[in-house]
Protein chains: 2
Amino acid sequence: METIGQIIRNKRESLGLLLRQVAASLDIDPAILSKIERNERRPNKELILKLSETLDIDKEELLAQYISDKIAYDIADENCADRVLKLAEKKVQYLKTHSVSN
Amino acid sequence: METIGQIIRNKRESLGLLLRQVAASLDIDPAILSKIERNERRPNKELILKLSETLDIDKEELLAQYISDKIAYDIADENCADRVLKLAEKKVQYLKTHSVSN
DNA sequence: TATGTCTTGACACTATTTGTCAAATATAAG
DNA sequence: CTTATATTTGACAAATAGTGTCAAGACATA
């Protein structure tokens, strides 16, 4: 399974871009991007959006990878992961139909 | 749908316990417990475990509620929630079968 | 060696989470 | 109407986590 860091690094290298170049486009230090690509540091949502533009990666795809990474990390050491995900699905449905902002 | 705060408050009241009493048992300020029960503040995992013991709520049940709450909150405003949850499921499976610690 | 790229770790700054406290509110009893 | 008790609220401090900066080290290539 490809990690989000691998996705980013693969795309960057396939475009022949240097860390320095992409980092400049993202307005961050190359060291941060290096860490993100090696999954040593987690990107935030803003960075995900910029990355999808700079590297021409589908925005929804990268976002889904990003959020599912966070979730998997949250529940990886729980022995009731399946149940948790089913519950989460119900709650999301509930929030979507009942939230004030919708 | 019952929130985690409601679960806790219902159980505490059904046991005839005061905020002050349960808070003392949890070693926290009653104000915090009050906020947790009204979903104004999110409990952390340690508190969840203590709560399940003090109020005699099934530990797995309360943990599942707690984690699914966090997940639902994370993805509530995303329009690809279903896809994210499916991806997360795959990643959890992957982590379970490939992690070093297992 | 000399150059350019990437990695690593220490550090500071900021944001978020968590804890503390006292005043305000609510409820019930005398 | 007081008094007492329980809960709620908001301001604030402390602790933790996230983020950014930088320079030195490692690595490859010419």
Side-chain angles (χ1 to χ4, degrees), chain A residues 2-55 62-63 65-78, chain B residues 2-55 62-63 65-78:
Chain A
E2 207 177 13
T3 68
I4 196 163
Q6 288 167 341
I7 293 174
I8 293 167
R9 171 150 296 186
N10 287 344
K11 195 61 199 280
R12 177 177 64 80
E13 291 182 339
S14 79
L15 292 172
L17 297 172
L18 300 174
L19 278 179
R20 152 171 72 76
Q21 297 173 309
V22 175
S25 169
L26 301 173
D27 195 29
I28 61 172
D29 192 286
I32 294 177
L33 186 53
S34 169
K35 285 167 186 168
I36 288 173
E37 289 188 336
R38 287 171 295 106
N39 299 297
E40 190 186 321
R41 186 174 289 205
R42 178 181 298 281
N44 58 28
K45 190 172 174 179
E46 183 194 2
L47 218 46
I48 289 292
L49 298 177
K50 284 185 185 172
L51 273 166
S52 72
E53 289 188 10
T54 299
L55 298 180
L62 207 56
L63 258 182
Q65 290 288 341
Y66 160 68
I67 303 169
S68 59
D69 258 19
K70 188 160 54 171
I71 292 173
Y73 175 82
D74 279 348
I75 64 181
D77 58 342
E78 302 297 336
Chain B
E2 205 178 15
T3 69
I4 195 164
Q6 287 167 341
I7 293 174
I8 294 169
R9 171 150 294 185
N10 287 344
K11 196 62 198 283
R12 176 177 64 81
E13 292 183 338
S14 81
L15 293 173
L17 297 171
L18 299 176
L19 280 179
R20 150 171 73 75
Q21 296 173 309
V22 175
S25 167
L26 301 173
D27 194 29
I28 61 172
D29 192 288
I32 295 179
L33 186 54
S34 169
K35 285 166 186 168
I36 289 173
E37 289 188 348
R38 285 170 296 105
N39 300 295
E40 189 187 320
R41 186 174 287 205
R42 177 181 300 281
N44 57 28
K45 190 172 173 178
E46 184 196 358
L47 218 47
I48 288 292
L49 298 178
K50 285 186 186 172
L51 272 166
S52 72
E53 289 187 10
T54 299
L55 298 180
L62 207 55
L63 258 181
Q65 289 289 341
Y66 159 67
I67 303 170
S68 61
D69 259 18
K70 188 160 56 171
I71 292 173
Y73 175 82
D74 279 348
I75 65 181
D77 59 342
E78 300 297 334

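Each chain gets a letter, A, B and so on, in the order its sequence line appears, and its residues count up from 1.
- For A/Arg38, the salt bridge (Lys or Arg N to Asp or Glu O under 4.0 Å) test picks out A/Glu40, with sequence neighbours left out.
- For the segment residues 4-18 of chain A, the set of residues with a heavy atom within less than 4.0 Å of an atom of DNA chain D is empty.
- Within the structure, every side-chain polar atom (N or O) of A/Ser34 is placed at least 4.0 Å from both OP1 and OP2 of C/dC6.
- Atom CD1 of B/Ile36 is separated from atom P of D/dT9 by 15 Å (rounded to the nearest Å).
- Partners of B/Glu53 by side-chain contact (heavy atoms from CB on, under 4.5 Å), not counting sequence neighbours: none found.
- Between the side chain of B/Gln6 and the main chain of B/Thr3, a donor-acceptor pair closer than 3.5 Å is present.
- Take B/Asp74 and apply the salt bridge (Lys or Arg N to Asp or Glu O under 4.0 Å) test, not counting sequence neighbours, and it matches no residue.
- For the side-chain contact (heavy atoms from CB on, under 4.5 Å) test, residues two or more places apart in sequence or in another chain that qualify with B/Glu13 are B/Arg9.
- Taking 4.0 angstrom as the limit, B/Arg20 places none of its side-chain polar atoms (N or O) nearer than this to OP1 or OP2 of D/dT7.
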Side-chain donor-acceptor contacts of residues 25-32 of chain A below 3.5 Å, not counting sequence neighbours, with atom names and distances?
from: A/Ser25; atom 1: OG; to: A/Thr54; atom 2: OG1; distance (Å): 3.0
from: A/Asp29; atom 1: OD1; to: A/Ala31; atom 2: N; distance (Å): 2.8

Shorter than 3.5 Å, N or O on both sides, protein versus nucleotides 25-30 of chain D: list them out with atom names.
none

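- In this structure, B/Leu62 CG and B/Ile48 CD1 are separated by 4.5 Å, a value rounded to the nearest 0.5 Å.
- Between the NZ atom of A/Lys70 and the P atom of C/dT16 there is a distance of 12 Å, given to the nearest Å.
- In the region residues 42-51 of chain B, proximity to DNA chain C at under 4.0 angstrom, judged on heavy atoms, holds for B/Arg42, B/Asn44.
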Please enumerate all protein N or O atoms sitting under 3.5 Å from an N or O of nucleotides 26-29 of chain C, with distances to 0.1 Å.
none

What N/O pairs connect the protein and nucleotides 20-25 of chain C at under 3.5 Å? Give each pair on its own line.
none

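- The side-chain contact (heavy atoms from CB on, under 4.5 Å) search around A/Gln21 returns A/Leu17, A/Leu18, not counting sequence neighbours.
- Across B/Arg42 and B/Tyr66, no two heavy atoms sit closer than the pair NH1-O, 4.3 Å.
- A/Leu19 and A/Arg12 make their closest contact through N-NH1, 3.3 Å (heavy atoms, listed as atom of the first residue, atom of the second, distance).
- For A/Glu2, there are no salt bridge (Lys or Arg N to Asp or Glu O under 4.0 Å) partners, not counting sequence neighbours.
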